[in-house]
Amino acid sequence: MPPQRVFALPRQQSLLLPAVINPFVQDTELTKTAVIKCLLMGIFLVPFRVIFMSLVLIMTWPVAFVITFNQPLKGAVEPMTGWRRFMCKRLMAALGRAYYFSMGFRVVVKGKQVSSIEAPILAVAPHSTFFDGIACIVSGLPSTVSRVENLATPIFGRFIRCLQPVLVSRKDPDSRKNTILAIESRAKSEGQWPQVLIFPEGTCTNRSCLITFKQGAFIPGVPVQPVLIRYPNKLDTVTWTWQGFSSKMLLLLTLCQLYTTVEVEFLPPHLPTQDEKKSPALFASRVRDAMAKVLGVPVTDHTYEDCRLMISAGELTLPMEAGLVEFTKISRKLNLKWDSVKKELEGFASMASTCRGGRITIEEFARILKLPVNPALEELFALFDRNEDGTIDFREYVIGVTILCRPANTEDVLQMAFRLFDTDEDGKITLDEFNALLRSALGVSDLNMAKLFREIDADSSGFVTFNEFQAYASNHPQYAKLFTTYLELQRYQAIQEAMPGDLELAGQCSSMLTTEDSSSDKKDD
């Protein structure tokens with residue numbers, strides 16, 4: 001009786017596909033009634049509001065020029081004091097409110113903003129639109145984090161200078177470190193600097209959830225006051241994300257509304273515990289949880305990297321949602337890097353290019369691997385197919401390749417697998433040796449692996465060296481599990497001989513012995 005196959009790696013429930021909607025898509029659909037209403041109202045409202053906005057800007061620019069006159073942008077920048085700070089906090093803030101009023105915004109403020117001594121940092125979320133600047137106006141124009149390039153923007157660059165922002169430069173390799181140091185210095189100035197306002201999500205979402213908070217606002221370990229932004233309007237004309245209306249269209253639609261309501265709510269400051277001071281990630285997570293609870297929305301582990309993957313998926317003609325893998329959650333578990341996941345996406349795209357909807361069935365998986373559909377391949381496919389729907393999507397592929405293949409693709413394991421193929425121990429694998437072992441491992445007696453063998457035999461010498469074997473396994477990690485399947489069979493047989501008849505115990509021992517499939521370093525959350 002042939003030995004039964006035992007797979008040592010159990011399905012990990014913590015990595016099953018979550019039911020999370022796409023936070024980076026704006027799916028507002030304009031009905032015919034809404035379009036007609038916008039056209040009729042826009043005819044009267046848009047010209048009036050454009051004139052009103054222009055008048056406010058004409059009044060604001062001289063005030064901003066006076067406030068920032070002879071003020072350094074970089075170097076030994078000192079906090080504004082005296083009349084400059086008064087004009088900035090009172091006059092500029094009032095003009096800012098007038099500007100939003102001219103666009104039709106009705107601002108509702110809830111809660112109480114505390115002083116910079118009580119909470120040096122304001123963490124604002126969810127960040128969903130360029131209109132979110134209203135939070136800065138309502139807060140009395142605190143300092144912000146801004147790109148250096150924004151200072152060169154006509155008219156608005158002068159307004160940004162009034163905020164004395166913490167500047168970020170893409171060209172400076174030390175910019176991230178310097179930004180964190182600047183935030184920390186201002187946060188610990190004991191009220192000399194105004195509060196620092198930060199959007200910790202780092203990118204715009206559709207407000208359906210709160211994505212991962214970046215740690216910059218939480219590294220100083222000082223009290224943080226959470227600030228919520230809501231747009232409780234029947235028609236959403238403000239959400240500006242990676243998929244949806246353009247900024248010009250959103251501005252036009254907003255100007256066509258009779259009014260647009262925005263709520264800014266100040267929550268009580270969050271005083272960090274000792275554990276949170278030591279761990280900015282924990283601090284950020286708890287502040288996010290508190291904000292999500294008040295908003296009544298879920299949290300997800302999506303980040304800016306998911307946006308980049310989503311855009312890359314679209315460029316590769318995959319559904320853009322294919323790139324949403326909750327990068328932070330998976331990268332923490334599997335120690336993934338952006339470049340490696342991007343590479344996996346490209347590999348998945350090449351496989352899925354002929355598949356409908358960017359999903360791979362077992363038949364397509366078998367064709368890609370140039371193997372027949374058989375029980376061994378079905379078991380391998382089942383380990384990739386983590387939600388058991390009979391197909392593999394990109395998220396499952398990333399998890400499967402990382403957990404199932406790469407741990408088995410170490411040089412020691414491949415050396416052992418190569419020696420098993422090389423039955424005559426001459427340092428070469430012939431086609432007959434290759435066929436014989438895979439037939440045994442896969443349980444298929446008439447298997448012909450000539451095509452796969454020729455691909456591994458890079459120099460067409462008629463035999464495979466270890467370097468060729470290793471190179472192919474490294475470049476095609478899907479095969480790593482198949483290449484090492486025989487090792488698992490050998491261990492299983494050894495256990496069966498030592499403890500015959502005890503299948504359950506044998507499976508447990510196999511799990512302990514099979515190091516390349518060990519789940520000891522893949523614990524649940």
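One is the number of the first residue; the rest follow in order along the sequence.
- Between L255 and M103 there is a side-chain heavy-atom pair separated by less than 4.5 Å.
- No side-chain donor-acceptor contact under 3.5 Å links S185 to the backbone of A182.
- Listed by first then second residue, pairs satisfying salt bridge (charged side-chain N to carboxylate O under 4.0 Å, His left out) with a partner in residues 94-116 read K110-E263, not counting sequence neighbours.
- Residue F130 holds its CZ atom at 5.5 Å from CG of L251, rounded to the nearest 0.5 Å.
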Query raised in the report: Does the salt bridge (charged side-chain N to carboxylate O under 4.0 Å, His left out) test come out yes or no for E265 and R230, once each step is laid out?
Result: CA-CA 8 Å; E265 181 177 1; R230 302 183 183 90; 2.8 Å; yes

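- Atom CD1 of I229 sits about 9.5 Å away from atom CZ of R207, to the nearest 0.5 Å.
- Minimum interatomic distance between V107 and V138 (heavy atoms only, all atoms of both residues): CG1-CG2, 3.9 Å.
- Judged purely by atom type and a 3.5 angstrom limit, R84 uses its side chain to pair as donor or acceptor with the backbone of I67.
- Under the ring-ring contact (aromatic ring centres under 6.0 Å, His included) criterion, the residue pairs touching residues 186-210 are H127-F199, with sequence neighbours excluded.
- Here the straight-line distance linking atom CZ of R288 with atom CG of L210 works out to 7.0 Å at 0.5 Å rounding.
- Here the shortest heavy-atom pairing between P223 and E118 reads CB-O, 3.3 Å.
- In this structure, S143 contributes its side chain and L163 its backbone to a donor-acceptor pair below 3.5 Å.
- Within the structure, ring-ring contact (aromatic ring centres under 6.0 Å, His included) contacts touching residues 78-100 (residues at least two apart or in different chains) are Y100-F105.
- For the pair Q164 (side chain) and E78 (backbone), a donor-acceptor distance under 3.5 Å is present.
- Between V196 and R186 the shortest heavy-atom distance is CG2-CB, 4.1 Å.
- Across T129 and C204, no two heavy atoms sit closer than the pair N-SG, 3.7 Å.
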Report task. Determine, stepwise, if the pair F266 / S139 fulfils side-chain contact (heavy atoms from CB on, under 4.5 Å). Result -> CA-CA 9 Å; F266 294 91; S139 303; 3.7 Å; yes

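- Screening V148, T144, N150 for a side-chain contact (heavy atoms from CB on, under 4.5 Å) with P165, the sole residue that qualifies is T144.
- Taking 4.5 Å as the limit, some side-chain heavy atom of P23 sits within range of a side-chain heavy atom of C209.
- Not counting sequence neighbours, the partners of Q195 by the side-chain hydrogen bond (donor to acceptor under 3.5 Å, both in side chains) test are Q113.
- Checked by atom type, the side-chain pair S128/T205 shows no donor-acceptor distance below 3.5 Å.
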Side-chain donor-acceptor contacts of residues 28-46 below 3.5 Å, not counting sequence neighbours, with atom names and distances?
residue, atom, partner, partner atom, Å
T28, OG1, Q26, NE2, 3.1
T28, OG1, D236, O, 3.3
T31, OG1, A34, N, 3.1

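- Sequence neighbours left out, the pairs with a member in residues 270-285 that pass salt bridge (charged side-chain N to carboxylate O under 4.0 Å, His left out) are E276-R286.
- For the pair P269 and V224, the minimum side-chain heavy-atom distance is 4.5 Å or more.
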Query raised in the report: So V264 and L228, side-chain contact (heavy atoms from CB on, under 4.5 Å) or not? Walk me through it.
Result: CA-CA 6 Å; V264 180; L228 306 179; over 6 Å; no

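- Side-chain atoms of Q225 never come within 3.5 Å of backbone atoms of I121 as a donor-acceptor pair (strictly under, hydrogens ignored).
- Between the side chain of S285 and the main chain of A281, no donor-acceptor pair closer than 3.5 Å is present.
- Note: Q215 CD to F283 CZ = 11.5 Å, rounded to the nearest 0.5 Å.
- Here OG1 of T179 is found 10.5 Å from CD1 of I219. Values are rounded to the nearest 0.5 Å.
- Looking only at atom types and distance, the side chain of Q257 has no donor-acceptor partner in the side chain of T260 under 3.5 Å away.
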Query raised in the report: Going through the distances and angles, do F24 and T203 end up as a side-chain contact (heavy atoms from CB on, under 4.5 Å)?
Result: CA-CA 9 Å; F24 306 115; T203 189; 4.0 Å; yes

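- The distance from atom OG1 of T239 to atom CG of N206, rounded to the nearest 0.5 Å, is 6.5 Å.
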Requested in this report: Mind running side-chain contact (heavy atoms from CB on, under 4.5 Å) on E364 and T391 for me, showing each step along the way?
Outcome: CA-CA 10 Å; E364 291 158 338; T391 62; over 6 Å; no

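- Listed here is the closest heavy atom pair of R49 and T254: NH1-O, 3.9 Å.
- Annotation: side chain of E201 is in contact with side chain of P126 (closest heavy-atom distance under 4.5 Å).
- Between F156 and F159, the angle of the ring planes goes over 60°, which puts this pair in the perpendicular group of the 30/60° scheme.
- Between T212 and H302 the shortest side-chain heavy-atom distance does not fall below 4.5 Å.
- Within 6.0 Å of CZ on F48 lie no more than 12 heavy atoms contributed by other residues, nucleotides or ligands.
- Pairing each heavy atom of G216 with each of I183, the nearest pair is O-CG2, 4.1 Å.
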